> 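Quick one: this structure, given as structure tokens, is what I'll be asking you about.
Proteins get letters first, then strands, A, B, ... in listed order; numbering begins at 1 in each. Side chains included, hydrogens not; waters and symmetry mates left out as well; all remaining heavy atoms used. In this text, all values refer to a predicted model and were calculated from it rather than measured experimentally.
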4 protein chains.
Amino acid sequence: MSSSPPSRGRPRDPRSHEAIIRATAELMVEVGYAATSIGAVAARAGVGKDTIYRRWPGKPELVFEAVFTTTDDLPPPDTGTLAGDLTVLLQGLVDEFRAPAAAAALPGLLADFAADPELRARIRGDFLAPSKARLLVVFERAVLRGEIAGETPVDLVLDTLAGAVFFHIGLIGEHPDQELAALLAAVVAKGIEVR
Amino acid sequence: MSSSPPSRGRPRDPRSHEAIIRATAELMVEVGYAATSIGAVAARAGVGKDTIYRRWPGKPELVFEAVFTTTDDLPPPDTGTLAGDLTVLLQGLVDEFRAPAAAAALPGLLADFAADPELRARIRGDFLAPSKARLLVVFERAVLRGEIAGETPVDLVLDTLAGAVFFHIGLIGEHPDQELAALLAAVVAKGIEVR
Amino acid sequence: MSSSPPSRGRPRDPRSHEAIIRATAELMVEVGYAATSIGAVAARAGVGKDTIYRRWPGKPELVFEAVFTTTDDLPPPDTGTLAGDLTVLLQGLVDEFRAPAAAAALPGLLADFAADPELRARIRGDFLAPSKARLLVVFERAVLRGEIAGETPVDLVLDTLAGAVFFHIGLIGEHPDQELAALLAAVVAKGIEVR
Amino acid sequence: MSSSPPSRGRPRDPRSHEAIIRATAELMVEVGYAATSIGAVAARAGVGKDTIYRRWPGKPELVFEAVFTTTDDLPPPDTGTLAGDLTVLLQGLVDEFRAPAAAAALPGLLADFAADPELRARIRGDFLAPSKARLLVVFERAVLRGEIAGETPVDLVLDTLAGAVFFHIGLIGEHPDQELAALLAAVVAKGIEVR
DNA sequence: GTTTAATCGAGACGGTACGTCAGGTCTTCTC
DNA sequence: GAGAAGACCTGACGTACCGTCTCGATTAAAC
């Protein structure tokens, strides 16, 4: 289908790619997003700076790829109730935001994304897309069960869930309570239910 | 109690203070948080860099003061219902986050605050404190009216409200709908009501 | 004579050679010696960088070959007088140093040659050798005519002639006067004549 | 006369200036002109790169000042004969070109000067000016003594003398013979004498 | 006719230097 | 002592070349 490029010249070394990603993730945990420089990543990965700039336009894109490796092909949760489904979904967000590299990277990363018009679009496009797909399925089932109305605003609910977790854990640095996900899920589920 | 400083030598010029604040707010709107440097602020304010560093430890503190001037001594809303009160409260947050200087500053500013342990504490301490005070009163009245339970977690609800608005408007840059505050308030109020 | 190489594998394409030389000479005139990079030569010649490095060790050697193509098999001048012979010889040097590509290349080229011990020897060995051969014949005839002594220091005279022309034209960029060669020749001839 | 600037702000530290000059001269001798980078000079001088760029536009100007410190206010030679005067003058050139730092710097330095139109003018303007002043006096005296004609081309003679020494010593790297200056002076003096 | 090997264009690779800019401190003179 | 000015050291930026390497594809001579 998509005609792969003729692949002229020396192909890029996948070991460089991997070393860069690993070095980035390590530095993120050790010194944080702001103190991580492309040069330091290159040095730790044993790689030239060009080798990084050849693959990523800048630090935000590199860190994004390094930190969010989780291929979110988890199936949408199906617990039988909206609150249950939201709990599973939220627990996923909590786990994602709490991972050391992600926690260290998120505030600075999102700030850089927000500052660039082109990257800003990718927050919803790339970052939230997997969650949105799962949330859509959850909502469809809830509509069929008669729990919520058909026109429930998915984007706004997702922004609220993600925003709550990000603010609570990412920014303020609160250690997440065991039932945080369940608590938030209950509130939101009850809030959007038809009755 | 606080021993007034000995006040030897030339006193600080309040006009410098004002010029710095104004220059900072202007630059925030014109070039954004990341592209605003202390040197540029000094140049525009017609001030030496030291005059800035003498008053603020760094860019985050300066910008925080420059952008959030609104002395939040508004009285807590009292519309008669929890949903009504939350709507007023949320509308305040939306307006605050939507102001040009604040919108331009917030993501980078919060990222810098989150990166520094000392500043991180000020997010809840200084940034959210006024809203929390008002929310506490709102909650007290709602408890008296029997709308919510007494042990409703104020901090978590506030994080959720602020997070939702910040993510929706600050990060993603969504133009806030006219009824955004009312919609969010309705969901959250319904979500935390006892019945 | 020279043991022909075993010549296994694909032979070198003479068209690449020619294209490289041409591209080098063009770039020399257009952007100068310092701003000419091997990569730029390769790109303009439609050739890989290795194809250049396979033939020349570096920029100095490449430029030297590209710029000094003049196969100096001119016969030694024989005008009947030392001054006349030197005039012809000097005019040759002037013409050589004044050619656009040579004028653009010479200062940087000689600097690179001077900086490398191995290349430094080639200044006298390759660069000045043809002129020296002709000057030797001119001197022999002048000795026979009794114009100069037998022990006249050829190398020093040649350095002086070349140095004068290089400094005057190559470095300072003086537009050569019509009689420059004759004038210099007259001074030097008179200076080394026995009486 | 020249109104000294009002001198606002912190004055430039003369110790930085001196340290930079010294570091440059040392590196010139140790690694040569081409291998000397501004960054290396800064590191050795214990100085930031900006401190160098604040004072000099680039490497050529810096090296020029670092290497040619000799305040050429020597009085013009006056030995009684043109050949004698030229010998003294040439010996000065030989000594200048033979100094370790100068010998290492000259070819690359002159190449960089020749490559930039603005700097090119300074070769005659700054570099040769002191020698030219002295040569003019020498010529005046020689004219009064009737040794040479009044219209002897000073610039051309100076280019020849400087070119000969530069080519012989600077480029080819010949160890200068004890009588080199006297020999060249004799040839040139004889060459331009009226009889 | 098949191996074998060097060459080709292309471009990735680890380095090094570039010249600029910001951070935060210091040092001068002036008020 | 505060203030404006600007020098100072540090360190990161993103780009450009360096000379080497690794691809797949040619192109001949050797087998």
Side-chain angles (χ1 to χ4, degrees), chain A residues 6-17 34-40 42-43 45-55 57-59, chain B residues 5-13 15-16 34-43 45-55 57-59, chain C residues 5-13 15-16 34-43 45-55 57-59, chain D residues 6-13 15-17 34-43 45-55 57-59:
Chain A
S7 176
R8 303 214 295 170
R10 174 178 176 174
R12 294 187 183 167
D13 190 335
R15 286 171 312 182
S16 296
H17 192 102
T36 295
S37 70
I38 299 281
V47 143
K49 280 201 291 178
D50 262 10
T51 301
I52 297 181
Y53 282 111
R54 211 174 283 126
R55 294 160 208 260
K59 184 162 78 161
Chain B
S7 178
R8 300 221 303 162
R10 177 177 176 176
R12 291 187 183 167
D13 189 337
R15 286 173 312 182
S16 295
T36 294
S37 67
I38 299 281
V41 171
V47 143
K49 281 202 288 178
D50 265 10
T51 301
I52 297 182
Y53 281 110
R54 213 173 282 126
R55 294 161 206 259
K59 186 161 77 161
Chain C
S7 178
R8 299 227 302 166
R10 177 177 177 174
R12 293 187 182 166
D13 190 335
R15 286 172 313 180
S16 296
T36 295
S37 69
I38 298 282
V41 171
V47 143
K49 282 202 289 178
D50 263 10
T51 303
I52 297 182
Y53 281 110
R54 213 173 283 124
R55 295 159 208 259
K59 185 162 78 160
Chain D
S7 176
R8 302 215 297 169
R10 173 177 178 176
R12 293 185 182 167
D13 191 336
R15 286 172 312 183
S16 296
H17 192 101
T36 295
S37 69
I38 298 281
V41 171
V47 143
K49 280 200 289 176
D50 264 10
T51 301
I52 297 181
Y53 281 111
R54 211 175 284 126
R55 295 161 207 258
K59 185 161 76 160

> Tell me whether the side-chain N/O atoms of C:Arg54 come closer than 4.0 Å to OP1 or OP2 in E:dA6.
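Checking E:dA6 against C:Arg54, no side-chain N or O comes under 4.0 Å of OP1 or OP2.
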> Mapping D:Gly58 and A:Ala45 onto DNA chain E by nearest heavy atom, which one lands closer to the 5' end?
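Final value for this comparison: A:Ala45.
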> Nearest to the D:Ser16 side chain among F:dG3, F:dC8, E:dG9, which nucleotide is it?
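Comparing F:dG3, F:dC8, E:dG9 against the side chain of D:Ser16, the answer is F:dC8.
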> In this structure, how many angstroms lie between the C1' atom of E:dC26 and the CZ atom of D:Arg15, rounded?
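Answer to the nearest Å: 12 Å.
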> Please list residues of residues 34-43 of chain D whose heavy atoms come under 4.0 Å from any atom in DNA chain F, ordered by number; otherwise none.
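Those residues: none at all.
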> Taking all atoms of both residues into account, what is the closest heavy-atom pair of D:Lys49 and D:Gly39, and its distance?
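Closest approach of D:Lys49 to D:Gly39, heavy atoms only: CD-CA, 4.0 Å.
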> For the side chain of C:Arg10 and the base of E:dC8, is some donor closer than 3.5 Å to an acceptor across the two?
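Between E:dC8 and C:Arg10, which were checked side chain against base, a qualifying N/O pair under 3.5 Å is absent.
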> Could you tell me whether B:Asp50 contacts a base, only the sugar-phosphate backbone, or nothing, with contacts defined as non-hydrogen atoms closer than 4.0 Å?
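Base contact.
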> Any idea which of F:dC9, E:dG24, F:dC23 is nearest the B:Tyr53 side chain?
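My answer, after comparing the listed nucleotides, is E:dG24.
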> Ignoring hydrogens and angles, are the base of F:dG6 and the side chain of B:Lys49 linked by a donor-acceptor pair under 3.5 Å?
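Result: no qualifying N/O pair found.
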> Quick check on DNA chain E: between A:Gly9 and C:Pro11, whose nearest nucleotide comes earlier from the 5' end?
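Its nucleotide being nearer the 5' end, the pick is C:Pro11.
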> Specify the closest pair of heavy atoms between D:Ala42 and D:Gly48, including all atoms of both residues, with the distance to one decimal.
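Scanning both residues, the minimum pair turns out to be CB-C, 4.1 Å.
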> Counting side-chain heavy atoms from C-beta on, which of F:dC23, E:dA10, E:dA12 comes nearest to A:Arg8?
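Nearest to the side-chain atoms of A:Arg8, counting from C-beta on, is E:dA10.
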> Rounded to the nearest angstrom, tell me the gap between atom CZ in A:Arg12 and atom P in F:dT22.
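Those two atoms, CZ and P, are 18 Å apart.
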> Check every strand shown and say whether C:Gly46 touches a base, only sugar-phosphate, or nothing at a heavy-atom separation below 4.0 Å.
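The residue C:Gly46 makes sugar-phosphate contact but no base contact.
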> If you only use heavy atoms from C-beta on, which nucleotide in E:dT7, E:dC13, F:dA30 is closest to the side chain of A:Asp13?
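The closest nucleotide is E:dC13.
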> Please name the pair of heavy atoms, one in C:Arg55 and one in C:Ser16, separated by the smallest distance, quoted to 0.1 Å.
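The answer is NH2-CB, 3.8 Å.
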> Check the phosphate of F:dA7 against D:Thr51, side-chain N and O only, distance under 4.0 Å to OP1 or OP2. Yes or no?
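For F:dA7, neither OP1 nor OP2 has a side-chain N or O of D:Thr51 closer than 4.0 Å.
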> Tell me, please, which residues at least two apart from A:Arg15 pass side chain to side chain donor-acceptor pair (under 3.5 Å).
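Applying side chain to side chain donor-acceptor pair (under 3.5 Å) to A:Arg15 gives A:Asp13.
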> Categorize A:Arg55 for me: base, sugar-phosphate, or nothing, with a 4.0 angstrom heavy-atom threshold over every strand shown.
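Answer is sugar-phosphate: A:Arg55 comes under 4.0 Å of backbone atoms only.
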> Could you tell me which non-hydrogen atom of C:Ile52 sits nearest to which non-hydrogen atom of C:Ile38, and how far apart they are?
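Residues C:Ile52 and C:Ile38, closest heavy atoms: CD1-O, 3.9 Å.
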> What pairs with A:Asp50 under salt bridge (charged side-chain N to carboxylate O under 4.0 Å, His left out), at least two apart in sequence or on another chain?
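By the salt bridge (charged side-chain N to carboxylate O under 4.0 Å, His left out) rule, A:Asp50 matches no residue at all.
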> I need the CD1-C1' distance between D:Ile52 and E:dT20, as an integer number of Å.
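Interatomic distance, CD1 of D:Ile52 to C1' of E:dT20: 14 Å.
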> Would you name the heavy atoms of B:Thr36 and B:Lys59 that are closest together and state the gap between them?
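Reported closest heavy-atom pair: O-NZ, 2.9 Å.
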